[in-house]
Chemist: 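Just passing along the structure, written as structure tokens.
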Amino acid sequence: MFKDTKAFSGFSVNDLKKAKEFYSQTLGLEVSERPEGLELHIRGGTRIFVYPKPNHTPATFTILNFPVANVEQAVDRLTELGVRFEHYDQGNLKTDKKGIARGAGPDIAWFKDPAGNILSVLQEK
């Protein structure tokens, strides 16, 4: 039934202006405004819908992953742009001083958008 449809994902934020600035200027994505919210344009034609929600609650899980050629360089560059990385020390989930988890799967680092949603950069294989 849906094999030929172009599905898309979406998530909420509490401030569209801050979201647009973060996703376009900080992360460098193409962002277009729609009457209902924002549309993030991801390489390959993928679209992600970002909509305002007055009673927004940040996702407690990773909503968007960005594969990168070098996670260390991506973390350094995003840090220079003011992004703060999450730090974990819970069982098998441990991050280093930069916020990168290494060795249990791909090297990965998590950060939050201005609405508190969790995003990541992870090392491409």
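Residue numbers run from 1 in the order of the sequence given. Only this structure's heavy atoms are used, side chains among them; waters, hydrogens and symmetry mates stay out.
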Chemist: Within the side chain of Gln123, is there an N or O that forms a donor-acceptor pair under 3.5 Å with the backbone of Val71?
Modeler: yes

Chemist: Please check if Leu16 and Leu40 belong to a single hydrophobic cluster, counting links between Ile, Leu, Val, Met, Phe, Trp and Tyr side chain heavy atoms closer than 4.5 Å.
Modeler: yes

Chemist: Using 0.5 Å steps for rounding, measure from the CD atom of Glu86 to the OG atom of Ser120.
Modeler: 11.5 Å

Chemist: Once you round to the nearest 0.5 Å, how far does CD of Glu72 lie from CD1 of Ile100?
Modeler: 4.5 Å

Chemist: Might you work through the side chain to side chain contact (heavy atoms under 4.5 Å, CB included) test for Leu78 and Leu27, ending with a clear yes or no?
Modeler: CA-CA 8 Å; Leu78 288 168; Leu27 300 186; 3.6 Å; yes

Chemist: Taking atom NZ of Lys17 as the centre, does the number of heavy atoms from other residues, nucleotides or ligands within less than 6.0 Å exceed 12?
Modeler: no

Chemist: With rounding to the nearest 0.5 angstrom, report the CG to CG distance, Leu29 to Leu38.
Modeler: 11.0 Å

Chemist: Could you tell me which residues satisfy side chain to side chain contact (heavy atoms under 4.5 Å, CB included) with Pro67, sequence neighbours excluded, listed by chain and number?
Modeler: Glu124

Chemist: Are Asp76 and Lys98 side-chain neighbours, meaning at least one heavy-atom pair lies under 4.5 Å?
Modeler: yes

Chemist: Are the side chains of Val121 and Ile108 in touch, meaning some heavy atoms are under 4.5 Å apart?
Modeler: no

Chemist: Under the rule for side chain to side chain contact (heavy atoms under 4.5 Å, CB included), what residues qualify as partners of Glu80, not counting sequence neighbours?
Modeler: Arg77

Chemist: So does Glu30 pair up with Arg47, basic N to acidic O under 4.0 Å?
Modeler: no

Chemist: Check whether any side-chain N or O of His56 sits under 3.5 Å from a backbone N or O of Ser12 as a donor-acceptor pair, and report yes or no.
Modeler: yes

Chemist: Where do Pro52 and Glu36 come nearest, in terms of heavy atoms and distance?
Modeler: CD-O, 3.3 Å

Chemist: Which heavy atom of Thr95 sits nearest to which heavy atom of Ala101, and what is that distance?
Modeler: CG2-N, 3.9 Å

Chemist: Kindly compute the distance separating CD1 (Ile63) from NZ (Lys112), expressed to the nearest 0.5 Å.
Modeler: 11.5 Å

Chemist: What's the shortest heavy-atom distance between Val83 and Thr26, and which atoms?
Modeler: CG2-CG2, 3.7 Å

Chemist: Counting N and O atoms only, with roles assigned by atom type, does the side chain of Thr46 sit under 3.5 Å from a partner on the main chain of Ile42, one being a donor and the other an acceptor?
Modeler: no

Chemist: Between Lys18 and Asp113, does any side-chain N to carboxylate O distance fall below 4.0 Å?
Modeler: no

Chemist: If you look at every heavy atom in Pro114 and Phe22, which pair is closest and at what distance?
Modeler: CD-CG, 3.4 Å

Chemist: Please, which pairs that meet ring pair (Phe, Tyr, Trp, His ring centres under 6.0 Å) have at least one residue in residues 62-92, sequence neighbours excluded?
Modeler: Phe85-Phe111, Tyr88-Trp110

Chemist: Mind listing the closest non-hydrogen atom pair of Asp107 and Arg102 along with its distance?
Modeler: OD1-CA, 3.3 Å

Chemist: How many angstroms lie between CZ in Phe49 and CZ in Arg34, if you round to the nearest 0.5 Å?
Modeler: 9.5 Å

Chemist: Checking Asn117 side chain against Pro58 main chain: does a donor-acceptor pair fall under 3.5 Å?
Modeler: no

Chemist: May I ask whether Val75 and Val68 are part of the same hydrophobic cluster, defined by side-chain heavy atoms of I, L, V, M, F, W, Y residues being less than 4.5 angstrom apart, directly or through others?
Modeler: yes

